[in-house]
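Please read the structure below before turning to the comments.
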Amino acid sequence: MSIKNNARDATMVGRRTDGTVIRRPLSPHMQVYDMFQITSGMSIAHRITGTIWAVGLLFLVWWLVAAASGPEAFAAAQWFFSSFIGMVVLFGLSAVAWYHTLAGVRHLMWDAGYGYDIPTVHRTGRAVLVGTGVLTVLTWFIAIIAWA
Amino acid sequence: MSDKKVAIQLRSPLGRVRGMGSAKQGSHHWWVQRVSSMALLPLMLWFVISVASLAGHSYADTIRWIGHPLNATLLLLTIAIGFQHTASGLQVVIEDYVEDEMTRMVLILVEKAACVLFGVLAALAVLRIAV
């Protein structure tokens, strides 16, 4: 076992009093963790949705640049957004955006020091999931009315 | 249970005065992430409702909507704060999962460059339509 020139690895490796190198024990990690309970599942989902939204911003950039470039470029963007794949992408992004927004509000609530007890954590967790569904459907309801 | 909060001071007096941790910038990154998220809440509501209402509308309608001074202003704010929030959020994800120090640094710089590039591109598109 060697000591690497890595700050994180360095904290995981120690020495006994006789000088022999020893790897420090790790706390229970991903492999033994139930990622499908509402607490940890929603926590990692907040990260995943944030990352997906970051990629989704490229569609916003495309839409704006196409609009600024002229009717042909805009028509090409509109063609994609109204295609089947485009609709699936936009629907997914709207759900992802609402989830990240509502889960973000939940995080702000925690940051302010509220809602740490387990029953409240479970209740706000369910509220975020239900809210995501309701707001996503509502968003597409507005879009369909505008379209018609 | 009483509401009284018990604070245990773990930092040295000098560390407390300077307010900096191992990140050398204290809680600045964390705090900016909260502030930008609060700013994005109303902007997000406005943006989603507006864009959903624009569905199926013509090129001319869309240009007119983006070009309206109020919409253009709110779009520029959404782009600026949105990309700032995205850049610092992705930075934390990279910091947490990329082990190698050089790879981590390069990825963060690339990610931030991409956010600046696309942010300026989006802002320029809005300005070209609105101004």
Side-chain angles (χ1 to χ4, degrees), chain A residues 4-9 46-51 53-75 77-78 81-82 87 90 93-94 97-98 100-105 107-108 111-113 117 135-136 138-148, chain B residues 1 5 22 30-31 33-34 37-38 40-41 44-45 47-63 65-67 75 78-79 82-83 85-87 89-90 92-94 96-97 99-102 104 111 114-115 117-130:
Chain A
K4 288 194 208 163
N5 289 329
N6 181 307
R8 283 180 208 206
D9 268 15
H46 189 59
R47 274 210 160 171
I48 294 169
T49 52
T51 309
W53 199 352
V55 178
L57 275 177
L58 292 175
F59 290 104
L60 169 69
V61 176
W62 183 22
W63 183 67
L64 288 172
V65 170
S69 302
E72 292 95 47
F74 189 73
Q78 287 293 74
F81 289 131
S82 54
M87 295 286 252
L90 288 182
L93 280 177
S94 63
W98 280 123
H100 193 80
T101 302
L102 292 175
V105 171
H107 270 282
L108 287 174
D111 293 335
D117 60 295
L135 289 173
T136 305
L138 207 63
T139 303
W140 284 83
F141 190 64
I142 295 172
I144 289 166
I145 286 179
W147 199 308
Chain B
M1 213 170 89
K5 284 174 184 164
S22 58
W30 182 90
W31 177 242
Q33 198 68 343
R34 312 298 127 164
S37 74
M38 286 186 267
L40 284 169
L41 277 177
M44 157 78 182
L45 269 172
F47 180 76
V48 168
I49 292 169
S50 302
V51 172
S53 312
L54 272 174
H57 281 234
S58 68
Y59 172 70
D61 283 344
T62 309
I63 291 293
W65 181 82
I66 296 173
L75 269 174
T78 307
I79 290 162
F83 273 103
H85 187 83
T86 303
L90 287 178
V92 175
V93 174
I94 293 168
D96 283 354
Y97 302 131
E99 195 180 3
D100 182 67
E101 205 145 354
M102 184 58 83
R104 187 162 67 230
E111 167 265 308
C115 282
L117 179 80
F118 288 115
V120 171
L121 195 59
L124 192 78
V126 172
L127 287 173
R128 194 172 166 192
I129 295 167

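Below, chains carry the letters A, B, ... as their sequence lines are ordered, and counting in each starts from 1.
- For the residue pair B/A55 and A/A143, the shortest heavy atom distance occurs at CB-O, 3.6 Å.
- How far CG of A/D111 is from CH2 of B/W31: 9.0 Å, rounded to the nearest 0.5 Å.
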Side chain to side chain contact (heavy atoms under 4.5 Å, CB included) evaluation trace for B/L75 with A/L64
CA-CA 10 Å; B/L75 269 174; A/L64 288 172; 4.3 Å; yes

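- Shown here for B/A125 and A/A68, the closest heavy-atom pair between the two residues is O-CB, 3.6 Å.
- Looking at B/S53, both its backbone and its side chain come within 4.5 Å of chain A, counting heavy atoms on both sides.
- Of the two parts of A/W62, neither the backbone nor the side chain holds a non-hydrogen atom closer than 4.5 Å to a non-hydrogen atom of chain B.
- Closest approach of B/V93 and A/T51 over heavy atoms only: CG2-OG1, 4.3 Å.
- In this structure the side chain of A/W98 reaches within 4.5 angstrom of the side chain of B/V48, judged on heavy atoms.
- Taking CH2 from A/W53 and NE2 from B/H85, the interatomic distance works out to 7.5 Å, rounded to the nearest 0.5 Å.
- Between atom CD of residue A/Q78 and atom OG1 of residue B/T62 there is a gap of 6.0 Å, rounded to the nearest 0.5 Å.
- The local environment of CZ in B/R128 is sparse, with at most 12 non-hydrogen atoms from other residues, nucleotides or ligands closer than 6.0 Å.
- Using cut-offs of 30° and 60° for the angle between ring planes, the B/W65 and A/W63 rings count as tilted.
- Proximity to chain A is limited to the side chain of B/I63, based on heavy atoms less than 4.5 angstrom apart.
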